[in-house]
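The structure under discussion appears below in the form of structure tokens.
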Amino acid sequence: MRIGLLTEGGYPYVSGDARLWCDRLVRGLGQHEFDIYALSRSARQEAQGWIELPPQVNRVRTAPLWTVDDDGVAFGAGYGRRARRRFAECFGELAAVVCDSGAAGAARDSGDSDALADRFGSALYGLAELARDQGGLVAALRSEAAVRALEGACRAPGALRAARTARVSDLLVVAGLLERALRPLSLDWYGDDALGAVDLCHATSGGPAAVPGLLAQHFSGVPLLVTEYGVQLRAHYLATGDEALSAPARALLTSFHGRLAAEVYGKATIITPGNTHARRWQERCGAERAKLRTVYPGMEASRFAEVGEREDPGDPDTLLWVGRIEPAKDLISLLHAFAEVRKEEPKARLRIVGAPAEGPEAAAYLAHCRALAAQLFPDEAEGAHAVGDNPVSFEEIGAPDVPELADAYAAGSVVVLSSVVEGFPISLVEAMFCGRATVSTDVGAVVEVIGGTGLVVPPRNPRALAEACVALLRDAGRRDRLGAAARARALELFTVEQNTEAFRGIYLEIVSHCPVRREALDDAGEPVPFGNPAEACMPGRWAVAAGGADAGSGGAPSWAQEADGPERLKGAGV
């Protein structure tokens, strides 16, 4: 089988989102062929290069989401009158849906919701067809015509209240960001020798990464699988509050991303959230429950096997925090909680292992945490002639005391997570692989991951966090029981092997129920008479057409699968 893997800001680049997961998936499914279509987010990411790719990757095509003349470009020189009129109609319709007050969610449960979705989809695919005819729409989407269409939609009756006050400067910003989100419309990825030739598109996130899958389905009937371990729309909501965007611009962009998410979920054959928390977001954004299959992300357990199998439980007086240091991790509450722990357990120590996230804000946050630790915990010495030591230490992986990540988890007996915002808590799963008892805040997918094998407290509650830590520090037997249960749960649910096997089955299910109907050709490129027998198009257990009413029935036998030709069977490993 030939898979088109669609990524944004990740695989195959050295840095980025879901890089390790994608690499493990591709290497674990060696019987399939992979074509990678990657959208990059920055010049730095492209300069860092790619990771080493396995032999089953046939081709890699990339496109940047960050290169464009932000000063604007002319619209009209390369477009005829008919093309300009067609663009004005399609983009005007898309802008009208985005600005409609029902697009923000108020009409999602009403009869107008389907009408809005149909209008958005028609406008999107109309722009895609125009882009294919004209060789791209970058200039058009950043043109004065696009800004005027947005302005007219914002002033129309029934428009979003926040959008009505949008100024021209706001609309220029929105037009530029919409063009970046719709950049896949202008790519040449949809021919019969590209995404049109794959058996399945697998988008590793929603948003722009899934747009090529939508277009491959629209132009060639290729089924779409969408995997989200962090819901793209949720990430957009969190990010827009930190950006220097006006309220009207935020309202318009939020509405657009909400409509795009609904279109992706509506057209996807199967959606695989990484946890129940992501699943709830997807359902709220319009995903049908019947399409959802929770598939936990696979993590490499072998690197933690030695620590998990040791009889040594780690230092019984040490609390450990591991992760990326940023405000969402709420180390401030953790430090205040540790001050309470020290009152009950004077020998307790806290080791914070991690590096700051990128950017000046993260560096300033780390400096603030260090200053608070120095203020709360003055250096202590056992005697008048001894050197003082602070019970809180900030360390990084690769230091002499923690050369590897597994060594960090081996150093303490209790692992703490204090986040106020969290998706899938990777550090908790790593601690579970190591057989460590955990204390966590109730955010994101924490409760689902822990599943009763650790203590969970409310976020932003240092007293509750401290009480849970003291309870485990004082009870070695309870720590051992929780750690053993946590390791067993992690090995059952969160390994690379279970993740790979889940997608192996999902790939086969989608391709068997939604095969791409292509004309059968011989070696000379001539049509083969009766190459696609009539039985292949008949609904039933033996062969289910794409979108058929019996899509949940059993797979097709070999005689029906031959409808797609011998080359397809060879690619599918049959």
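Computed from a predicted structure; not experimentally measured.
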Would you call [X] and [Y] a salt bridge, using N to O less than 4.0 angstrom?
{"X": "Glu283", "Y": "Arg280", "answer": "no"}
{"X": "Arg293", "Y": "Glu509", "answer": "yes"}
{"X": "Arg19", "Y": "Asp23", "answer": "no"}
{"X": "Arg183", "Y": "Glu179", "answer": "yes"}
{"X": "Arg132", "Y": "Asp188", "answer": "no"}

Closest approach of [X] and [Y], non-hydrogen atoms and distance?
{"X": "Glu46", "Y": "Pro64", "answer": "OE2-CB, 3.8 Å"}
{"X": "Phe91", "Y": "Ala146", "answer": "CE2-O, 3.3 Å"}
{"X": "Ala95", "Y": "Ala149", "answer": "CB-O, 4.0 Å"}
{"X": "Gln56", "Y": "Val26", "answer": "NE2-O, 2.6 Å"}
{"X": "Gly298", "Y": "Trp21", "answer": "N-CD1, 4.4 Å"}

So how far is it from [X] [atom1] to [Y] [atom2], rounded to the nearest 0.5 Å?
{"X": "Leu25", "Y": "Arg27", "atom1": "CG", "atom2": "CZ", "value": "11.5 Å"}
{"X": "Ser143", "Y": "Leu137", "atom1": "OG", "atom2": "CG", "value": "9.5 Å"}
{"X": "Ser186", "Y": "Leu127", "atom1": "OG", "atom2": "CG", "value": "9.5 Å"}
{"X": "Leu417", "Y": "Ile426", "atom1": "CG", "atom2": "CD1", "value": "11.5 Å"}
{"X": "Tyr13", "Y": "Ser42", "atom1": "OH", "atom2": "OG", "value": "9.0 Å"}
{"X": "Leu252", "Y": "Leu177", "atom1": "CG", "atom2": "CG", "value": "11.0 Å"}

Are [X] and [Y] linked by a side-chain donor-acceptor pair shorter than 3.5 Å?
{"X": "Ser15", "Y": "Gln48", "result": "yes"}
{"X": "Ser419", "Y": "Asp330", "result": "no"}
{"X": "Glu228", "Y": "Tyr265", "result": "yes"}
{"X": "Thr272", "Y": "Thr227", "result": "yes"}

Can you confirm whether [X] sits close enough to [Y] that some side-chain heavy atom of one is under 4.5 Å from a side-chain heavy atom of the other?
{"X": "Cys90", "Y": "Leu130", "result": "no"}
{"X": "Thr7", "Y": "Ser205", "result": "no"}
{"X": "Leu150", "Y": "Leu178", "result": "yes"}
{"X": "Tyr11", "Y": "Leu20", "result": "no"}
{"X": "Trp50", "Y": "Val60", "result": "yes"}
{"X": "Ile36", "Y": "Arg61", "result": "no"}
{"X": "Val443", "Y": "Glu422", "result": "yes"}
{"X": "Val57", "Y": "Glu33", "result": "no"}

Which atom pairs, one a donor and one an acceptor, fall under 3.5 Å between side chains of residues 208-223 and the rest of the protein, sequence neighbours left out?
from, atom 1, to, atom 2, distance (Å)
Gln217, NE2, Lys267, O, 3.0
His218, NE2, Glu129, OE2, 2.8

Item to complete: Give me the ring orientation class for His202 and Phe503: parallel if the planes are under 30° apart, tilted from 30 to 60°, perpendicular past 60°.
Response: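 Geometry flag for Phe503 against His202: tilted rings.
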Worksheet item: Arg59 and Asp193: salt bridge (charged side-chain N to carboxylate O under 4.0 Å, His left out), yes or no, with the steps?
Response: CA-CA 11 Å; Arg59 67 159 59 171; Asp193 59 340; 5.2 Å; no
Practice prompt. Sequence neighbours left out, what passes ring pair (Phe, Tyr, Trp, His ring centres under 6.0 Å) with Phe256? Give chain and number order.
Written response: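 Here no residue qualifies.
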So for atom [atom1], which belongs to [X], do other residues, nucleotides or ligands contribute more than 12 heavy atoms lying within a distance under 6.0 Å?
{"X": "Arg161", "atom1": "CZ", "result": "no"}
{"X": "Arg44", "atom1": "CZ", "result": "no"}
{"X": "Arg148", "atom1": "CZ", "result": "no"}

Between the main-chain N or O of [Y] and the side-chain N or O of [X], is there a donor-acceptor pair closer than 3.5 Å?
{"X": "Ser122", "Y": "Arg119", "answer": "no"}
{"X": "Ser512", "Y": "Leu508", "answer": "yes"}
{"X": "Thr204", "Y": "Leu6", "answer": "yes"}

Response to the item:
For Thr294, the side-chain contact (heavy atoms from CB on, under 4.5 Å) test, sequence neighbours excluded, returns Pro273, Arg279, Tyr296, Glu448
Worksheet item: Passes side-chain hydrogen bond (donor to acceptor under 3.5 Å, both in side chains), Tyr37 versus Glu8? Steps please.
Response: CA-CA 9 Å; Tyr37 294 82; Glu8 178 194 354; over 6 Å; no
Worksheet item: Is the gap between the ring centers of Phe424 and His277 under 6.0 Å?
Response: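 No, the ring centres sit 6.0 Å or more apart.
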